[in-house]
Amino acid sequence: MESSGENAPRTGRANSTQPGCETPVRLPKDVELDLERSVQAVLRELSAQAPALQSNQGMWRWSLHKKVERDPSKSPALVHILLRELEKAESEDLRHVIIPLLHTLMYVLTKATGIAEELYRRTYAFCMRLLTLPAPYCTVALDCAVRLKTETAVPGTLYQRLVIAEQNLPSELYPYQERVFLFVDPELVSPSVCSALLLEIQAAQEQQTPEACMRHVVSHALQAALGEACHAGALQRKLQASPRHALERIFHAVVAAVEQMASEPSPSREGHLERLEEIYCSLLGPAAAARGRCGGHDALQDRPPSIPLPSPYITFHLWTDEEQLWKELVLFLRPRSQMRLSADLEALDLQGLLPDRELARVSVLSTDSGIERDLPLGADELLTPSSPEMEHGGLQRKGGMKKRAWPLDLLMLGGWDGPPGLHRRTGRPDGDGELLPGVSRLHTARVLVLGDDRMLGRLAQAYHSLRKRETQKFCLTPRLSLQLYYIPVLAAKPAASRQPELGELAAFLGRADPWYQNTVNTLCPAIHKLAEMPPSLGSSRTVDPFILDVITYYVRMGTQPIYFQIYTVKIFFGDLSQDPPEDIFLTELTVKIQDSKLPKDGFSPRRKGVAEGPGAELSICYQKALLSHRAQEVTVSLRATGLVLKALPGSDTEVSGPTHCPPTAAPLPDHTCLNVSVTEVVKTSNLAGRSFSVVTNTFRTANIRIQSQDQRLLTLLLDKDSRRTFRDVVRFEVAPCPEPCSGTQKSKALWLSSHQQKEMERTRAMPKPLLMPINTFSGIVQ
């Protein structure tokens with residue numbers, strides 16, 4: 001009786017010389033103690049029990065990974081220590097350290113070779129036990145468990161897929177591509193910071209040629225599968241001496257062996273070892289493989305050379321054009337040599353996805369016999385063997401026009417980011433899947449912005465414009481998975497003049513996700529120190545690029561989004577000849593009272609009987625935020641000197657809210673209320689005369705309308721950005737920004753069934769809010 005692929009490796013562990021079966025190598029006691037101390041430092045940092053370590057925040061995790069990168073033989077010991085700490089945290093219910101330790105462990109397992117199968121199985125069993133915990137623990141655990149199952153059966157799969165996708169290496173069996181777009185606003189970030197980041201990225205990527213990445217993939221796959229039977233030093237020397245055409249042939253052979261085995265329902269570890277051993281023998285000859293089986297080693301095998309994990313391909317952009325994000329994403333989808341969209345996107349246009357062609361009819365010569373059995377598979381709809389159409393189809397004829405089952409989520413454009421949470425990074429890049437038949441999401445764009453809250457406001461504008469453009473020209477959504485990341489970079493100012501309010505969203509993310517706080521929010525001082533260093537491209541500059549390493553860790557492991565509501569504001573000016581514009585904001589809207597007044601024939605004359613005083617007489621109408629979600633409208637009139645509408649809760653507010661949702665539902669927002677602070681002027685009269693005092697009133701709402709009742713004009717400031725200032729305002733309205741409506745929905749409704757048409761009408765009556773996701777390591781930790 002044949003053993004299953006899952007049990008096959010167990011029979012081979014008795015023979016320590018069999019390829020792929022590792023015998024644990026005991027490290028010196030001082031080395032294990034050093035790793036143990038580093039792990040404990042990370043735990044103390046998370047527990048906030050060591051104030052003296054605050055200056056080194058973010059360094060401990062980085063130094064821990066660097067130790068095993070310089071000496072790969074330490075990887076099994078570090079995996080054992082991290083797994084032991086995870087099991088301890090589980091038994092003592094220390095949940096705040098589970099996700100950081102699990103991310104650290106998975107990052108080590110992705111790069112390491114020579115890990116015993118027992119450690120993989122223990123880690124997999126631990127992740128399965130975490131599935132009983134609430135989100136985000138079960139979400140992260142399921143993501144890790146799926147990847148571990150593949151890696152256990154086919155060692156080296158995670159590393160291979162990561163390098164192929166990030167470096168855009170050609171592969172027919174794994175055609176996925178990723179790119180990191182780093183956007184910096186030159187008006188918000190100093191030129192020294194921009195140049196320092198650009199130099200570090202360029203210096204690191206100069207060493208990452210396609211040939212070098214192919215050699216890394218081949219070496220890692222053979223070492224991970226063959227273990228001690230692989231002569232790593234001789235293998236790397238052989239690959240280094242191979243010409244380009246020979247290297248490509250070996251690379252494609254290794255990729256085919258790994259991907260074909262990983263795609264099988266029950267992959268066999270023994271079969272995988274046999275395939276890679278054949279490739280290994282073709283490189284070094286059967287004599288080298290025989291020496292490995294017999295346990296023979298040379299001096300170079302005592303410490304195998306390190307196989308680096310190349311940093312992802314990063315493009316650096318100074319954000320100067322509002323349409324720049326759209327243009328870069330389109331160029332990512334098509335080669336620069338092409339002057340038009342690719343053939344499959346043009347085919348999508350012919351299917352009625354563009355509104356200007358929704359009435360077009362294309363006349364073609366039909367070769368349809370009218371018999372459904374004669375239709376080629378995949379021509380229109382794939383019929384499953386158990387479907388009623390296949391059982392009762394036979395030779396019957398149907399109507400000449402067949403209804404195309406367009407997904408309802410596609411028509412409502414709710415699936416831009418793909419199903420959040422549970423389906424991310426399960427062996428393939430984020431957002432994998434088909435939104436349209438025959439069109440796969442093979443590209444993942446990781447957009448990383450650096451700056452403060454003003455930069456995030458600009459990102460929200462670009463995101464809204466992108467979504468709105470997709471309703472007019474549907475070309476990015478079916479092909480591209482968009483992931484958004486944020487690293488705060490505040491201006492380096494003296495402590496007395498520093499503006500902490502410019503980093504409110506970063507502070508919120510740090511409160512929601514402690515690992516984001518320790519890993520990402522601590523980068524700002526390091527970035528400024530990097531900018532102060534003299535520019536140099538010497539070898540000492542690129543040995544340990546700390547900033548680039550942390551960016552790489554964040555974009556790889558930060559897969560859990562936190563959703564933020566985007567708000568729209570409609571503005572009415574005192575000059576009635578100006579059309580009321582609409583804009584959006586993400587974090588804050590500030591209202592100030594201007595000194596100037598409207599002319600007497602202006603929009604709203606001053607009411608009689610209103611006493612002069614500081615500020616302006618305002619009429620505020622808002623819908624009160626209630627737990628029952630019932631509509632309760634409140635209208636008040638008061639004199640105020642200013643207002644602030646904040647979309648983020650303060651530091652004293654509890655961080656809560658769902659970060660994930662079922663794939664069939666729209667992602668729920670984490671915070672859908674505006675926190676309004678009104679600086680009210682209170683008039684008092686006494687024997688000394690009339691005086692005024694100032695009182696701050698706060699309330700929560702999602703919709704608000706504010707109008708100046710006297711001749712005072714208002715000034716609006718969106719997202720704290722002085723470039724987005726509106727003056728001479730007499731009235732404005734704020735509400736949650738809805739999903740952009742698609743003009744193509746009318747043409748699609750003809751192809752829907754009656755039930756889908758009713759569902760579409762119901763969804764249109766209750767528009768979904770437009771939410772912008774920002775990726776973190778865990779989402780909101782309850």
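Treat the numbers as computed from the prediction; the structure is a model and nothing was measured.
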Plane angle bin for Trp515 and Phe777 - parallel if under 30°, tilted between 30 and 60°, otherwise perpendicular: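 The rings of Phe777 and Trp515 stand perpendicular, inter-plane angle above 60°.
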Would the distance check show the side chain of [X] and the main-chain N or O of [Y] forming a donor-acceptor pair, the cut-off being under 3.5 Å?
X      : Y      : value
Ser282 : Ile279 : yes
Ser306 : Glu69  : yes
Arg446 : Tyr485 : no
Thr776 : Gln560 : yes
Glu151 : Thr157 : yes
Gln223 : Ala112 : no
Tyr554 : Asn775 : yes

Hey, could you give me the [atom1]/[atom2] distance between [X] and [Y], rounded to the nearest 0.5 Å?
X      : Y      : atom1 : atom2 : result
Leu169 : His216 : CG    : NE2   : 10.5 Å
Tyr486 : Leu505 : OH    : CG    : 6.5 Å
Leu173 : Glu259 : CG    : CD    : 6.5 Å
His443 : Leu482 : NE2   : CG    : 13.5 Å
Tyr137 : Leu131 : OH    : CG    : 14.5 Å
Leu333 : Arg179 : CG    : CZ    : 10.0 Å

Aromatic ring proximity, centroids under 6.0 angstrom, Phe181 and Phe316: no
Derivation and outcome, side chain to side chain contact (heavy atoms under 4.5 Å, CB included), residues Thr104 and Tyr553: CA-CA 10 Å; Thr104 305; Tyr553 179 79; 4.0 Å; yes
Looking only at non-hydrogen atoms, find the nearest pair between [X] and [Y] and report the distance.
X      : Y      : result
Val217 : Phe251 : CG1-CE1, 3.8 Å
Gly779 : Asp513 : O-CB, 3.6 Å
Val258 : His272 : CG2-CE1, 3.7 Å
Ile780 : Pro136 : O-CD, 3.6 Å
Met261 : Gly271 : CE-C, 3.9 Å
Leu235 : Ser219 : CD2-CA, 4.0 Å

Between [X] and [Y], is any pair of side-chain heavy atoms under 4.5 Å apart?
X      : Y      : result
Leu142 : Val146 : yes
Leu450 : Leu197 : yes
Leu442 : Gln177 : no
Gln565 : Leu586 : no
Pro155 : Arg269 : yes
Phe183 : Glu328 : yes
Lys111 : His220 : no
Leu448 : Leu484 : no

Check this for me, if you would: do [X] and [Y] make a salt bridge, where the nitrogen-to-carboxylate-oxygen distance has to be below 4.0 angstrom?
X      : Y      : result
Glu211 : Arg215 : no
Glu166 : Arg556 : yes
Glu322 : Arg458 : no

Verdict with supporting geometry, Asp185 and Trp319, side chain to side chain donor-acceptor pair (under 3.5 Å): CA-CA 5 Å; Asp185 192 334; Trp319 204 331; over 6 Å; no
Candidate list Ile201, Ile487, Val520, test side-chain contact (heavy atoms from CB on, under 4.5 Å), partner Ile551, passing option: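 Among Ile201, Ile487, Val520, the one that satisfies the side-chain contact (heavy atoms from CB on, under 4.5 Å) with Ile551 is Ile487.
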Working for side chain to side chain contact (heavy atoms under 4.5 Å, CB included), residues Tyr176 and Ile164: CA-CA 8 Å; Tyr176 299 92; Ile164 290 176; over 6 Å; no
Residues Gln240, Ser242; criterion side chain to side chain donor-acceptor pair (under 3.5 Å); working and verdict: CA-CA 6 Å; Gln240 193 74 32; Ser242 300; over 6 Å; no
Partner of Glu739 by side chain to side chain donor-acceptor pair (under 3.5 Å), out of Arg467, His464, Lys768, Lys468: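 It is Arg467, the one option of Arg467, His464, Lys768, Lys468 that forms the side chain to side chain donor-acceptor pair (under 3.5 Å) with Glu739.
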Intermediate values then yes/no, side chain to side chain contact (heavy atoms under 4.5 Å, CB included), Arg469 and Leu476: CA-CA 10 Å; Arg469 184 189 289 264; Leu476 287 183; over 6 Å; no
Criterion side chain to side chain donor-acceptor pair (under 3.5 Å) on Ser311 and Gln208, from CA distance to verdict: CA-CA 8 Å; Ser311 59; Gln208 298 176 184; 2.7 Å; yes
Leu198 and Leu182: CA distance, side-chain angles, deciding distance, side chain to side chain contact (heavy atoms under 4.5 Å, CB included) verdict: CA-CA 10 Å; Leu198 181 58; Leu182 179 58; over 6 Å; no
